[in-house]
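These notes concern the structure reproduced below.
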Amino acid sequence: MLTPGLTFNEKGHLSVEGCDATELAAKYGTPLYVMNESLIRNNCRRYTAFIKDNFKNGSFPCYASKALSCLEIYRIMAEEQMGVDVVSGGELYTALTAEFPANRIFFHGNNKTPDELKMAVECGVGRIIVDNLTELHLLDEIAAEAGVIQKIGLRIKPGIEAHTHDYIRTGQIDSKFGFSIENGEALEAVKEAFECENLELCQLHCHIGSQIFDTQPFTDAAKVMLQFFDVIHKETGKWITELNLGGGLGASYTDSDSPLEIEEYLTPVAEAIKSTCEELGVPEPEFHIEPGRSIVGEAGTTLYTLGNIKEIKDIRTYISVDGGMSDNIRYALYQAEYTVLNASKAQGNVVDNITIAGKCCESGDLIQEGVSLIDPQVGDILAVLTTGAYNYSMASNYNRILRPAMIMVKDGNSRVIIQRESYNDLLNNDI
Ligand SMILES: *Cc1c(COP(=O)(O)O)cnc(C)c1O
């Protein structure tokens with residue numbers, strides 16, 4: 001299975017949006033992150049159009065920029081009328097440098113530092129999603145000093161946790177993020193937030209997991225959150241006006257993944273919100289979600305050069321590539337599955353049971369196991385699909401390996417959006 005925009009051309013080479021992968025590798029070097037701009041923009045448009053048509057005025061999706069953060073991605077998100085969510089001063093700084101409008105930035109995190117909170121208040125971020133009471137009171141003081149009323153949300157644990165194929169409805173009190181509804185701390189936090197003179201609580205936020213293929217955890221979360229809106233109104237006489245369901249829609253990594261289409265996932269959510277609001281008499285809130293993986297995941301392909309082949313008879317074949325956990329740590333971290341292809345060949349003998357190894361000095365530095373490749377030979381270009389999310393953003397200089405370049409392709413053209421690091425870059429902060 002190929003991700004959208006990928007085909008094999010008449011030369012038998014993988015092509016990304018009309019660009020021959022072997023030519024891209026020759027031109028820009030490997031490892032190389034290749035991003036499909038049309039797919040990113042199209043995913044954004046599907047989210048924004050659906051939300052504009054089906055949710056209350058003022059609703060918009062925020063791209064979760066931890067999935068992939070760099071100047072160009074924030075420029076694209078601004079052009080596509082998205083909001084963004086950031087989780088650190090570094091992401092915020094990058095977004096602001098790209099001139100992303102501050103009032104459409106939501107700032108998350110379970111331990112934002114005083115400096116980060118100050119920076120966020122001073123630049124005028126749209127919402128700060130408060131995680132704990134220490135942060136709430138610190139932020140109240142920071143807003144007072146800055147002489148502003150800061151709009152905030154609260155991070156809520158709705159008691160629903162979902163991952164890929166299954167989800168559970170209880171036992172989520174044990175999470176480092178946010179306030180639990182179940183044990184009463186969420187209601188206490190809401191009451192304290194309403195008391196803060198320099199803060200305006202408008203949003204409740206939850207994020208129930210990632211790589212989710214089912215719509216029910218989202219509709220259940222929406223209902224639990226709206227029931228809590230109603231409880232808050234009964235207890236305080238005030239309405240929360242914004243519901244944020246976080247991210248989580250899955251992407252396709254292998255043939256066994258079949259994520260919902262964006263519209264398929266949002267339709268039941270819109271219906272659940274409307275019907276629950278009617279049933280409970282809750283005024284329909286503005287709606288936000290924070291998709292990361294489902295916007296950039298399938299838009300990314302990593303190209304490597306095959307360096308050597310080690311056949312261990314009757315055991316397996318190792319194929320080493322010129323990158324590894326330094327540019328894609330997800331297999332080493334949690335055995336994440338990926339599709340690996342020989343981008344140099346569309347036909348030939350298939351070799352099975354291949355382990356794709358990186359070049360880092362760690363036995364666990366693997367990109368994937370159990371891979372089948374067409375006639376792999378030294379010098380071939382290998383492609384790993386669906387690497388747009390949580391690859392570059394998790395990359396490191398382990399072993400002082402240089403982080404790869406990232407290029408954007410569109411309609412047969414390519415351009416660099418992140419330069420390959422140089423040896424000199426490695427010394428930037430060394431004294
Ligand atoms: C990780 C995260 C997201 C994005 O999740 P995806 O699975 O990539 O869509 C959104 N919001 C918050 C608060 C997150 O922590």
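Counting starts at 1 for both ligands and their atoms, following the listed order.
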Item to complete: Before accepting this row, confirm whether a basic side-chain N of the pair Glu235/Lys191 lies closer than 4.0 Å to the acidic partner's carboxylate O.
Response: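 Between Lys191 and Glu235 there is a salt bridge, with a charged N closer than 4.0 Å to a carboxylate O.
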Fill in: Salt bridge present between Glu72 and Arg415 (N-O < 4.0 angstrom)
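Salt bridge: yes.
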I'd like to know if the side chain of [X] pairs up with that of [Y] as donor and acceptor (distance under 3.5 Å, no hydrogens or angles considered).
| X | Y | value |
| --- | --- | --- |
| Tyr33 | Arg403 | no |
| Asn397 | Glu421 | yes |
| His13 | Glu23 | no |

Discussion item. Check the orientation of Phe100 and Tyr74. Use parallel for under 30°, tilted for 30 to 60°, and perpendicular for over 60°.
Written reply: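 Rings of Phe100 and Tyr74: perpendicular, over 60°.
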Worksheet item: Under a 4.0 Å heavy-atom limit, does Ile129 contact ligand 1 with its side chain, its backbone, both, or neither?
Response: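 No part of Ile129 comes within reach of ligand 1.
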Return a yes/no value for [X]: is any of its N or O atoms, backbone included, closer than 3.5 angstrom to an N or O of ligand 1?
| X | value |
| --- | --- |
| Gly292 | yes |
| Ala67 | no |
| Lys66 | yes |

Just go through [options] and tell me whose heavy atom is the nearest to [atom].
| atom | options | result |
| --- | --- | --- |
| atom 5 (O) of ligand 1 | His207, His288, Gln211 | His207 |
| atom 7 (O) of ligand 1 | Pro291, Ser210, Gly247, Gly250 | Ser210 |
| atom 12 (C) of ligand 1 | Glu290, His108, Arg293 | Glu290 |

Number the atoms of ligand 1 from 1 as they appear, then name those within less than 4.0 Å of a heavy atom of [X], with their elements.
| X | value |
| --- | --- |
| Ala64 | 3 (C), 4 (C), 10 (C) |
| His205 | 13 (C) |
| Asp85 | 10 (C), 11 (N) |

Worksheet entry | Distance from atom 8 (O) of ligand 1 to nearest protein heavy atom, with residue and atom |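 Here the closest protein heavy atom is Tyr390 OH, 2.5 Å.
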Discussion item. For Ser294, state whether at least one heavy atom is located under 4.0 Å from any atom of ligand 1.
Written reply: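 Judged by the 4.0 Å heavy-atom criterion, Ser294 does not count as contacting ligand 1.
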Worksheet item: Taking the six-membered ring of Phe179, is NZ or CZ of Arg155 closer than 6.0 Å to its centre and within 45° of its axis?
Response: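 No cation-pi geometry.
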Fill in: Cation-pi, Phe194 ring and Lys238 (6.0 angstrom, 45 degrees)
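Because its charged atom sits under 6.0 Å from the ring centre and within 45° of the axis, Lys238 does stack over Phe194.
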